[in-house]
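This report concerns only the one structure given below.
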Amino acid sequence: MTKAIRTAALVGNPNAGKSALFNALTGARQKIANYPGVTVERKAGRMLLPSGEPVELVDLPGSYGLDPTSPDEAVTRRVILGEMEGEARPDVLIVVLDASNLEQHLVFAQEVIELGRPVVVSLNMVDLAERDGLVLDPGALAEALGVPVIPTVAVRRRGLVELAAAVGEAELHAEDRPHPQPHLGQPERRLRAHAITAGAILSETRRHRLHSRLDRVLLNPWAGPIILLGLLFVVFQAVFAGATPFADALEAGVALLSDGVRAEMPPSLVRDLLTEGILSGVGSVVVFLPQILILFFFILVMEATGYMARAAFLMDRLMAGVGLSGRSFIPLLSSFACAIPGIMATRSIADPKDRLTTILIAPLMTCSARLPVYAVIIAAFIPNRNVGGGVGLQGLVLFGLYVTGIAGAMIAALALRRSVTKGAASGFIMELPKYQLPTVKDLALGLWQRAWIFLRRAGTIIFTVTVVLWLLLNFPRATDGQNQVDASIAGQLANGLAVVVEPIGFNRDIALALIPAMAAREVAVSSLATTYAVSASDDEQSARALGDQLKARWTLPTALAFLAWFVFAPQCLSTIAVARRETNGWKWPGFMLLYLFALAYIAAGITYWSAVALGL
Ligand SMILES: Nc1nc2c(ncn2[C@@H]2O[C@H](COP(=O)(O)OP(=O)(O)OP(=O)(O)O)[C@@H](O)[C@H]2O)c(=O)[nH]1
Ligand SMILES: [Mg+2]
């Protein structure tokens, strides 16, 4: 005998479309949205069966299993099992599956079906699956699961009548099946989910198959991180190998201009300002445009193809390990371009301590302003040698500097989360975008924007600071036999600071460059170039490229210490200003300045003394 059906409940993984189906079946207006975890409590409404009988339909929060891990999942479990006080156990369970994500959703579905309760499966979002080139066979699925399967598109009201009819008949099926199915463990369910999905696929375009295979490899917990590391490695190799001819050409162009000015103009302070200040100083930064463009070319390609989101997915576990949520990944990622947009992007992090930690470590991500600093030192001091297997030493060192920054950030996060920003890490679930080939137009536009940002900085902030420095370097004028830099205001000021940085292997010229570099890190390069151009005894010497000057004047330990310094030093006033705005006060930016300078000092010192001890 069949008893009348009075209640039914919608269950399934988060974001399967349960609430959308609930609204379509009952005419209610539950909130639906394209991210998991929208429904957090049970909601009930009335739907009509084809026979005209009313049934109370319950919309439940999404759940990954019957073992509850969060309060909203506990609601689901209690309602399904009839443990909810004052509420009857639902007569029929409607399991909602996302057809475009079938394998993942089948794991929980099996667990629900194993309860032996009357179940109807709504194979929802078939429109999305078909758009992606995946056609499923509901019959095969029904056979494998042992329950009726109805294809639906909740948002287009497709399959609703069939679903209601199946609910009306569900009790009958249930009576044919008196024994609950054997209870499987989670790994077996996963295996079975894979097999069932494979069996239910009618046709799958080559593209869809390719995409799911790609994900299986790229998101594999072992292969994924190795591939990510390998890719980044290739990027940094390319930055050096690819940019060198262009950078050399630019450098030659700047030298040519400089020679031209010297030949055409009679010696004067104005001529010196042009050659020593603007061409040497600003020119020494501009020559790194090719490196910047190559780096951003790779970043843009990774973003456009959908790989970057997968990298975030892979990093999520690492981030959780140091007490950060995966939500920090995107702000940290944008900090590789510049910490300013990175710090602003932390607004999307709800937890205040998560957010503060992310702000505090954002400056440790290697921003593009550091690239000229790294590149000039590496080009001058690291031999352009092959360390085997086609791997260039220069690219390797650059890669190492980026990794050191990331490692420093992770260690800092760990320390901060245990002290000043104590708290628990929050979870993070992300939908992965589809793979796509990047379009040439978007790439070109992205690169153009980066080039423009870089050149604008060179033309404004770097130009201004370099000119001011040039003035400070040229006055008062040196008397006979005295070096101009020694005599100048800037030289005098730098002598004071030099005392502080001497223990970490820095010379007076570095001390001199560090102050204006607070305006922007690239200014360190233009300052050194200008200083050496001013200090050179004759025109020929002053026209020498910065790399040659460095090689002649610095030791290798000093150069390495300088690199270590720039991995950590908060050499950017705009970043400090943004941190002040975003944290509403000076307390945290002050803290940031202090801890980053301390780190930079220690790192440079350790590098210098280790290098000296090693006899480098
Ligand atoms: N294209 C398409 N989109 C759908 C379909 N069903 C639902 N959606 C969309 O999928 C998203 C998730 O739907 P919800 O109804 O909020 O999902 P839910 O299962 O209730 O999610 P939680 O409450 O988080 O467990 C929304 O953006 C819906 O508009 C469908 O059949 N086709
Ligand atoms: Mg919902």
Side-chain angles (χ1 to χ4, degrees), residues 8-45 47 56-80 84 90 92-109 111-112 119-138 141 148-164 166-167 200 208 326-327 350 426-434:
L10 290 159
V11 294
N13 285 24
N15 215 32
K18 298 177 297 297
S19 300
L21 211 52
F22 176 83
N23 289 351
L25 288 167
T26 64
R29 295 257 161 96
Q30 273 295 315
K31 178 183 166 68
I32 58 171
N34 189 16
Y35 52 87
V38 176
T39 310
V40 290
E41 53 180 15
R42 103 182 239 295
K43 284 271 153 48
M47 73 178 267
E56 189 186 50
L57 184 66
V58 181
D59 179 25
L60 290 171
S63 187
Y64 291 105
L66 290 176
D67 263 342
T69 54
S70 66
D72 53 342
E73 286 189 2
V75 173
T76 303
R77 175 193 160 84
R78 284 167 63 205
V79 171
I80 296 180
M84 196 74 152
V92 180
L93 299 174
I94 304 175
V95 174
V96 186
L97 303 177
D98 172 356
S100 62
N101 232 329
L102 190 56
E103 188 171 329
Q104 201 193 329
H105 282 220
L106 274 177
V107 179
F108 179 46
E111 199 178 352
V112 175
V119 167
V120 172
V121 167
S122 149
L123 184 62
N124 196 36
M125 305 205 186
V126 283
D127 56 331
L128 291 185
E130 277 167 24
R131 187 197 65 191
D132 299 344
L134 178 70
V135 183
L136 294 163
D137 178 3
L141 206 54
V149 174
I150 315 294
T152 57
V153 181
V155 289
R156 302 259 169 283
R157 309 188 59 89
R158 259 168 56 193
L160 298 186
V161 177
E162 294 84 343
L163 188 65
V167 170
H208 187 267
R327 288 198 195 285
S426 51
F428 162 74
I429 293 172
M430 189 166 66
E431 300 284 312
L432 295 174
K434 302 258 155 355

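If you're wondering where the values come from, they're calculated on a predicted model, not measured in any experiment. Both ligands and their constituent atoms are indexed starting at 1 by order of listing.
The distance from atom CG of L10 to atom CD1 of I94, rounded to the nearest 0.5 Å, is 5.0 Å. Separation of atoms CG (L160) and CG (L25) is listed at 5.0 Å; rounding is to 0.5 Å. The line from CZ of R77 to CD of E111 is 9.0 Å long, rounded to the nearest 0.5 Å. Distance check, rounded to the nearest 0.5 Å: CG of L141 to CD1 of I150 gives 11.0 Å. For the atom pair CG (D98) and NZ (K18), the distance works out to 10.0 Å, reported to the nearest 0.5 Å.
On a distance-only criterion, V153 and ligand 1 share no N/O pair closer than 3.5 Å. Considering backbone and side-chain atoms together, P14 places no N or O closer than 3.5 Å to any N or O of ligand 1. In terms of N/O distances under 3.5 Å, ligand 1 is not approached by D59. Residue T152 has no N or O atom closer than 3.5 Å to an N or O atom of ligand 1. The shortest N/O to N/O separation between L60 and ligand 1 does not fall below 3.5 Å. Not a single N or O atom of P61, backbone or side chain, sits closer than 3.5 Å to an N or O atom of ligand 1.
Listed by first and then second residue, the side chain to side chain donor-acceptor pair (under 3.5 Å) pairs involving residues 149-161 are S122-T152, N124-T152 (not counting sequence neighbours).
Contacts of D127 with ligand 1, taken as heavy-atom pairs under 4.0 Å, involve the side chain alone.
Listed by number with element, the atoms of ligand 1 under 4.0 angstrom from any heavy atom of A154 are 6 (N), 30 (C), 31 (O). Against a heavy-atom cut-off of under 4.0 Å, L128 is close to the following atoms of ligand 1: 1 (N). Shown in contact with G62 at under 4.0 Å from a heavy atom are these atoms of ligand 1, numbered in order with element: 25 (O).
The two atoms that bring A16 and M125 nearest to each other are O-CE, 3.4 Å, heavy atoms only.
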